[in-house]
Amino acid sequence: MSIEVIRDLRGLHSSIARHRNGPLNTAASLAIVPTMGAIHEAHEALVVEAKKNANIVLATIFVNPMQFGENEDLDKYPRSEEEDIKRLEDKGCDIVYIPENKTMYPDDFDLTINVPKLSSVLCGKERKNHFQGVATVVAKLLLQSGADYAIFGEKDYQQLLIITSLVKDLDIPCKIVPISTVRDNNGLAISSRNQYLNPKQINIANNINIIMTEAAKNFYNVDINETISFVRKSIEKVGINKIDYIEIRDNHNLENISNNNKSNARLFIAVYIDEVRLIDNIKL
Ligand code: PAF
């Protein structure tokens, strides 16, 4: 069966109702894969995971203006709708929802969802309001679709924790299913922004995972600050000179951890290779 392309809320509701009451003849379950398009292997892995969890898979493509800061790349964000639909269909997606801005944010729209504690650190420090935009749009997509499952990658680990928290606090009956970061053959975490990198910059970026893995090997033998300083020095040595953050925080609540209790530690990195901002994280 070919993928159904839906652009408005009414269409979404009727498509989901049709699929839920379809040939399975039972209340079929629905998994959602929210994306901003520019579909790549990591999104495809989300769809594969969605299919394992539910009978119907809905992907969404919406470049959410609310999560971009004033000087960020909203206008430049890669858009490839036709190719995206094809890739989603090839992976077995049933419905793709591509709402317009005014469907998500009508003129009188006046809501922001904030998850303040989890949003105040790491990417939230530099990118003010970014996570409010993410939380608001994801809450809307979950409620619009009534999905039973939502699949998110661990590459955006802070986003994953924020969404898990908002779903719990708003009693949204949707199970958040995480998947491990999808990496290319060189270990580089797959991201839409990788396409901005030229071959020389990719060679530099490939070091990020190597350095993180090396740091993880030694983590339990040395002081936390030593691990951070090792990562910082190694990152600078390979030619990355703009570091947004290198931090080690608790895996569940993003709080600082101490040398006395290093379980649940995760290493988080955000760096710029020239103009391109890359993030990555690894469980220690
Ligand atoms: O991770 C993303 O692509 C976006 O932040 C998301 C979850 C689709 C919300 O716009």
Side-chain angles (χ1 to χ4, degrees), residues 6 12 31-47 49-50 57-69 72-81 83-85 87-88 91 93 95-101 103-105 109 111-115 118-119 122-124 126-145 147 149-167 170 172 174-183 189-196 268 270 276-281:
I6 305 287
L12 179 70
I32 187 171
V33 177
T35 82
M36 298 207 296
I39 298 299
H40 48 56
E41 294 93 313
H43 296 118
E44 290 173 340
L46 296 173
V47 173
E49 183 63 30
V57 177
L58 161 72
T60 67
I61 298 178
F62 181 61
V63 183
N64 174 30
M66 203 175 172
Q67 70 188 75
F68 286 79
E72 290 181 4
D73 55 352
L74 174 62
D75 295 333
K76 265 188 21 208
Y77 199 83
R79 285 165 173 84
S80 48
E81 190 180 296
E83 168 76 14
D84 289 351
I85 295 171
R87 288 183 80 148
L88 292 168
K91 285 289 155 196
C93 207
I95 312 167
V96 56
Y97 177 46
I98 315 178
E100 285 185 26
N101 271 348
T103 303
M104 297 305 282
Y105 303 122
F109 187 82
L111 173 79
T112 39
I113 295 179
N114 191 10
V115 183
L118 287 170
S119 303
L122 302 174
C123 290
E126 173 103 331
R127 303 181 76 195
K128 296 273 175 244
N129 304 333
H130 167 70
F131 287 118
Q132 290 189 18
V134 171
T136 307
V137 84
V138 170
K140 280 187 69 105
L141 291 169
L142 299 187
L143 293 168
Q144 286 180 344
S145 64
Y149 301 89
I151 324 295
F152 293 94
E154 286 189 343
K155 161 149 184 303
D156 297 298
Y157 197 85
Q158 186 174 13
Q159 165 173 289
L160 170 67
L161 290 187
I162 288 168
I163 292 166
T164 306
S165 168
L166 86 85
V167 162
L170 284 173
I172 299 177
C174 178
K175 184 174 185 320
I176 304 301
V177 179
I179 70 161
S180 307
T181 301
V182 180
R183 300 183 181 279
I190 299 210
S191 156
S192 309
R193 292 193 169 112
N194 293 358
Q195 62 183 272
Y196 300 144
F268 295 89
V276 186
R277 187 173 187 275
L278 299 177
I279 60 169
D280 206 340
N281 68 86

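Nothing here was measured: the structure is a model prediction, and the numbers come from that model. Just follow the structure's listing: the first ligand is 1, and inside any ligand the first atom is 1.
Among protein heavy atoms, atom 5 (O) of ligand 1 sits closest to Q159 OE1, 2.7 Å. Protein heavy atom closest to atom 3 (O) of ligand 1, with residue, atom name and distance, is M36 CG, 3.7 Å.
Inclusion of N64 in the set of residues having an N or O under 3.5 Å from an N or O of ligand 1 is not warranted.
Aromatic ring pairs are classed by plane angle as parallel below 30°, tilted from 30° to 60° and perpendicular above 60°; the pair Y105 and F109 is perpendicular.
L111 contributes atom CG, which lies 7.5 Å from atom NZ of K140 (distance to the nearest 0.5 angstrom).
Contacts between T35 and ligand 1, counted as non-hydrogen atom pairs separated by less than 4.0 Å, involve the backbone only.
E126 pairs by the salt bridge (charged side-chain N to carboxylate O under 4.0 Å, His left out) definition with nothing, not counting sequence neighbours.
Here the two rings, on F62 and Y97, have centers that are 6.0 Å apart or farther.
Counting the atoms of ligand 1 from 1 in the order shown, those under 4.0 Å from a heavy atom of V137 are 9 (C), 10 (O). Taking every non-hydrogen atom of Q67 and a distance limit under 4.0 Å, the qualifying atoms of ligand 1 come out as 4 (C), 5 (O), 9 (C), 10 (O).
In this structure, L161 and V115 have side chains that are not in contact, with every pair of non-hydrogen atoms separated by 4.5 Å or more.
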